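Heads up: the structure comes next, in structure tokens.
All ligand and atom numbering here is 1-based and tracks the order in the structure. In this chain, residues are counted from 1 in sequence order. Just so we're clear, the structure is a prediction, and the values are computed from it rather than from any experiment.
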Amino acid sequence: MIRIKKLVKKYPNGFLALDNIDLHVGKGEFIYLVGPSGAGKSTLLDVIFRSELPTSGDIYIDNFSLNHLKPAQVPYYRRNIGMIFQDYKLLPGRTVYDNVAFALRVMHYPRSRIHRHVSQVLELVGLSEKVNHVTAELSGGEQQRICIARAIVNNPPILLADEPTGSLDPETSWEIMQLLSKINSRQTTVLVATHNKSIVDDIRKRVVVLESGKIVRDKHFGTYDG
Ligand code: ADP
């Protein structure tokens with residue numbers, strides 16, 4: 001479903017963040033991207049999300065080459081991809097409902113359809129009771145659930161998450177990762193950049209290790225260290 005070929009990303013300051021990456025991700029796979037800070041994990045997610053352009057190489061989504069994607073097509077392409085950002089990027093003065101409905105309103109869905117989708121997804125992430133709360137009033141774990149709901153509300157085939165447990169306590173982190181596993185079990189392909197060793201070791205999945213922009217290990221049912 002995702003094929004990454006000879007992908008290179010050099011930032012304008014000359015820093016080589018991704019150095020000839022080859023990676024195949026099958027439909028419905030769950031992958032942890034691990035590796036030290038600065039290894040290129042966020043950059044890889046950003047290039048897949050098309051918030052960064054590659055310097056060379058290509059990414060194919062179901063045989064469609066992203067090198068053929070025109071700037072005007074990017075919003076349509078992104079409908080295939082849910083992104084969970086490291087810094088949440090929620091609308092703080094708005095309700096849970098509005099935050100999740102936002103993406104569908106932009107797509108001009110009718111109100112009844114928006115209501116149905118938002119209700120279903122809030123049920124899935126366990127936030128139905130907070131639907132009218134302003135997001136700034138909610139805990140870190142609840143805010144992360146909103147981000148997940150927002151990312152999957154139009155049922156994209158691919159979900160990318162950048163350090164989704166980075167600022168959460170261990171128990172909440174565990175709950176968030178269980179939720180991502182549940183979403184994956186509905187055939188969504190999931191890529192998670194993480195430093196969370198205990199989660200990677202406990203909820204075993206494919207582990208891809210990046211170091212200095214290169215893939216140095218790729219193992220099914222891997223652990224954080226080997
Ligand atoms: P990770 O997510 O593994 O911590 P990143 O992908 O965020 O790594 O960063 C990889 C490297 O690229 C880091 O050294 C970082 O400083 C550099 N980098 C990231 N974004 C930029 C940018 N916009 N301009 C220049 N260098 C960047």
Side-chain angles (χ1 to χ4, degrees), residues 2-25 29-61 66-67 69 71 74-75 77-78 80-90 140 143-144 147-148 150-151 156 158-170 172-173 176-177 180 184 189-220 222-226:
I2 308 175
R3 273 183 305 138
I4 299 175
K5 283 196 168 174
K6 297 190 185 313
L7 188 71
V8 173
K9 174 64 187 180
K10 203 181 237 187
Y11 282 110
N13 63 2
F15 190 87
L16 187 59
L18 297 176
D19 186 1
N20 216 17
I21 298 281
D22 282 306
L23 182 68
H24 285 204
V25 182
E29 269 202 281
F30 189 119
I31 294 186
Y32 293 117
L33 280 177
V34 309
S37 240
K41 305 180 293 295
S42 300
T43 303
L44 182 56
L45 297 182
D46 290 343
V47 174
I48 297 172
F49 190 61
R50 204 64 172 182
S51 50
E52 289 289 349
L53 286 170
T55 306
S56 61
D58 202 358
I59 297 177
Y60 297 84
I61 308 284
L66 290 201
N67 282 348
L69 197 67
V74 170
Y77 164 68
R78 290 212 181 118
N80 294 299
I81 302 185
M83 179 76 163
I84 299 168
F85 300 97
Q86 211 164 357
D87 56 355
Y88 296 179
K89 296 195 198 300
L90 291 170
Q143 294 195 26
Q144 189 57 288
C147 296
I148 295 172
R150 181 184 57 186
I158 299 168
L159 179 62
L160 308 176
D162 196 355
E163 293 285 355
T165 63
S167 50
L168 303 176
D169 61 66
T172 313
S173 298
I176 290 294
M177 292 308 301
L180 295 181
N184 171 244
T189 305
V190 178
L191 271 81
V192 181
T194 185
H195 277 117
N196 197 322
K197 173 173 159 50
S198 60
I199 293 228
V200 173
D201 290 347
D202 284 350
I203 309 176
R204 292 284 196 95
K205 307 281 185 188
R206 181 173 166 196
V207 179
V208 171
V209 185
L210 279 172
E211 266 176 38
S212 306
K214 287 185 196 294
I215 293 180
V216 295
R217 182 157 49 84
D218 181 352
K219 196 168 175 196
H220 287 271
T223 58
Y224 197 88
D225 295 314

Should [X] be counted as touching ligand 1, given the test is an N or O pair under 3.5 Å?
| X | answer |
| --- | --- |
| S37 | no |
| F15 | no |
| K41 | yes |
| P12 | no |

Can you report which non-hydrogen protein atom sits closest to [atom], along with the distance?
| atom | answer |
| --- | --- |
| atom 4 (O) of ligand 1 | G38 N, 2.7 Å |
| atom 7 (O) of ligand 1 | S42 CB, 3.6 Å |
| atom 18 (N) of ligand 1 | Y11 CE1, 3.3 Å |
| atom 9 (O) of ligand 1 | T43 OG1, 3.9 Å |
| atom 8 (O) of ligand 1 | G40 N, 3.2 Å |

Return a yes/no value: protein heavy atom under 4.0 Å from atom 1 (P) of ligand 1? yes

Protein heavy atom under 4.0 Å of atom 15 (C) of ligand 1: no

Between [X] and [Y], is there a donor-acceptor pair closer than 3.5 Å when you use the side chain of the first and the backbone of the second?
| X | Y | answer |
| --- | --- | --- |
| R217 | G222 | no |
| K5 | I59 | no |
| R78 | F49 | yes |
| D58 | K6 | no |

Counting C-beta onward and ignoring hydrogens, is there a side-chain heavy-atom pair between I31 and D218 closer than 4.5 Å? no

Calculate, to the nearest 0.5 Å, the distance between atoms [atom1] and [atom2] belonging to [X] and [Y] respectively.
| X | Y | atom1 | atom2 | value |
| --- | --- | --- | --- | --- |
| I176 | I84 | CD1 | CD1 | 8.0 Å |
| E163 | S173 | CD | OG | 10.5 Å |
| L18 | T43 | CG | OG1 | 5.5 Å |

Should you measure from each heavy atom of A17, which atoms of ligand 1 turn up under 4.0 Å away? 12 (O)

Should you measure from each heavy atom of A39, which atoms of ligand 1 turn up under 4.0 Å away? 1 (P), 3 (O), 8 (O)

Between P36 and ligand 1, which residue portion shows a heavy-atom distance shorter than 4.0 Å: side chain, backbone, both, or neither? backbone

Ligand 1 versus N13: contacting region, heavy-atom distance under 4.0 Å: side chain

Minimum heavy-atom separation for R206 and V25, please, with both atom names. NH1-CA, 4.2 Å

Contacts of Y224 meeting ring-ring contact (aromatic ring centres under 6.0 Å, His included) (sequence neighbours excluded), chain-then-number -> none

